[in-house]
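In what follows, a structure is listed as structure tokens, so that the remarks can point back to it.
Reminder, nothing fancy here: chain letters follow the sequence lines and each chain counts from 1.
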There are 2 protein chains.
Amino acid sequence: MPRSATTADVFNAVAEPRRREILGLLARGERSVNDVAGSLRVNQPQASKHLKVLKEVGLVRMRGSGQQRLYSLNAAALKPIHDWVMTFAQFWGECYDRLDEYLQELQEQEKRHAQQK
Amino acid sequence: MPRSATTADVFNAVAEPRRREILGLLARGERSVNDVAGSLRVNQPQASKHLKVLKEVGLVRMRGSGQQRLYSLNAAALKPIHDWVMTFAQFWGECYDRLDEYLQELQEQEKRHAQQK
DNA sequence: TTGATATATTCCCGTATGGGAATACAATAC
DNA sequence: GTATTGTATTCCCATACGGGAATATATCAA
């Protein structure tokens, strides 16, 4: 079996540095493909391909506007990574123990919030 | 240029599900290669190879004990992922805005702590 | 319609992968 | 010494990658 496809999950999609750059760019707002290509100094087909991967794993959303395709960030799709990495927060030193508590508190708040809906 | 090597950085090393499983296992304590292989139901050479990748990116430490090699987690090496993913925490909802503030506070504390050394 | 602009797709290639199988190396036990 | 256990390495393979280049598709403009 070869390496997992880049579109297999968010972890694989985000392993590529350029795709992380794209997400960082989109964090500052919706961009067209050419905007992305220009900002990252990559040619248009590469940008298009990277965006396709990001879209397949749900990290970006696309909407058409005339002949442009505007891509925007869907940061919620990063939560699996966040949740996973936070599993190890307790090993990062004393400060982070408190962070861990804080996160648990947050999760409880979220649950209460969700139940109220 | 092909895909980045799995040993290129922590993001690539962690993109492989089995390697994340290994880290999760090592989070509960030091293990020998055969322990890892047994817990993950993978044969020994694969376990050895995955551990090699994890060691190359600094995610695990190794020490010899007799004829065994005991591997342990070095969770600090996950910080690049943590820091990166936290860049997007502000997009995850209201609760996480406060988390972001808290993290900035933590970073300042770390700086002061480092300067005191 | 023709032309121009924006985006997506296809083909090629060198490279790296993860798993299987076999083997090599290392350290202990006898 | 030999045997045994624990670990690492090597070779093979099917698969997928990311970049380049060229081309196809889509949308607007005149």
Atom CD of B/E56 to atom C1' of D/dA8: distance rounded to whole Å?
13 Å

Parallel, tilted or perpendicular: which fits the ring planes of B/W84 and B/F88, with parallel below 30° and perpendicular above 60°?
perpendicular

Take atom NZ of A/K52 and atom P of D/dA16, then tell me their distance rounded to the nearest Å.
14 Å

Where is the tightest heavy-atom contact between A/P80 and A/F11, given as atom of each residue plus distance?
O-CZ, 4.0 Å

List the protein contact pattern of nucleotides 19-30 of chain D with one symbol per nucleotide (5' to 3'): B for base contact, S for sugar-phosphate-only contact, - for none; contact means a heavy-atom distance under 4.0 Å.
BB-B----BS--

OP1 or OP2 of C/dA6 under 4.0 Å from side-chain N/O of A/Y71:
no

To the nearest angstrom, the CG-P distance between B/N34 and C/dA27 comes to 16 Å

Whole-Å distance, A/R19 CZ to D/dG18 C1', equals 9 Å

When all nucleic acid strands are considered with a 4.0 Å heavy-atom cut-off, which category describes B/S4: base, sugar-phosphate, or nothing?
nothing

Rounding to a whole Å, what distance do you find between B/E21:CD and C/dG19:P?
10 Å

Please determine whether a side-chain nitrogen or oxygen atom of B/T6 lies at a distance below 4.0 Å from atom OP1 or OP2 of C/dT17.
yes

Tell me the interatomic distance from A/N12, atom CG, to D/dG18, atom P, rounded to whole angstroms.
10 Å

